[in-house]
Amino acid sequence: MALAESRTVTAIKAIRVIAKLGNKSHYEYTEADVKKIAAALTREVDALKARMMQSGSRICLCWDFTL
């Protein structure tokens with residue numbers, strides 16, 4: 001479980017770095033950009049849940065992401 005904890009902490013930190021883009025005095029983005037980022041993250045979390053719920057599965061949901 002140590003590996004799962006480590007990877008989860010790393011993923012949470014990465015999401016928090018993305019959230020720092022919310023500082024509009026330093027970054028420009030549209031509401032559409034925000035929705036696209038959130039949708040991409042949601043898809044990945046959904047894929048993670050699907051893979052972990054099915055033991056031994058080899059689900060590969062590959063998503064390209066660009067703004």
Side-chain angles (χ1 to χ4, degrees):
M1 277 307 184
L3 182 58
E5 288 178 14
S6 174
R7 289 185 179 178
T8 301
V9 168
T10 299
I12 291 169
K13 286 179 182 179
I15 291 169
R16 289 179 180 164
V17 169
I18 293 168
K20 289 180 182 180
L21 295 171
N23 184 345
K24 283 204 167 198
S25 65
H26 291 100
Y27 306 102
E28 289 184 27
Y29 55 88
T30 66
E31 185 176 340
D33 293 335
V34 173
K35 288 180 180 180
K36 196 168 184 180
I37 292 167
L41 293 171
T42 299
R43 281 193 305 265
E44 290 301 319
V45 169
D46 290 346
L48 162 86
K49 286 191 251 182
R51 184 163 188 175
M52 293 185 79
M53 294 293 186
Q54 297 178 8
S55 63
S57 68
R58 291 189 169 261
I59 298 172
C60 180
L61 299 175
C62 303
W63 304 97
D64 290 330
F65 177 78
T66 58
L67 284 179

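To the nearest 0.5 Å, the span separating CG on L41 from CG on D46 amounts to 11.0 Å. With rounding to the nearest 0.5 Å, the separation of CE in M53 from CG in L48 is 9.0 Å.
K13 pairs in a side-chain contact (heavy atoms from CB on, under 4.5 Å) with only one of the listed residues (T10, V9, V17), which is V9.
For I12, the side-chain contact (heavy atoms from CB on, under 4.5 Å) criterion is met by T8, R16, not counting sequence neighbours.
Transitive grouping of hydrophobic side chains (ILVMFWY, heavy atoms separated by less than 4.5 Å) keeps I18 and V45 in distinct clusters.
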Table please: side-chain donor-acceptor pairs of residues 29-37 below 3.5 Å, with sequence neighbours left out.
from	atom 1	to	atom 2	distance (Å)
Y29	OH	G22	O	3.2
T30	OG1	A32	N	3.3
T30	OG1	D33	N	3.0
T30	OG1	D33	OD2	3.3
E31	OE2	K35	NZ	3.3
D33	OD2	T30	N	3.0
K36	NZ	T66	O	2.6

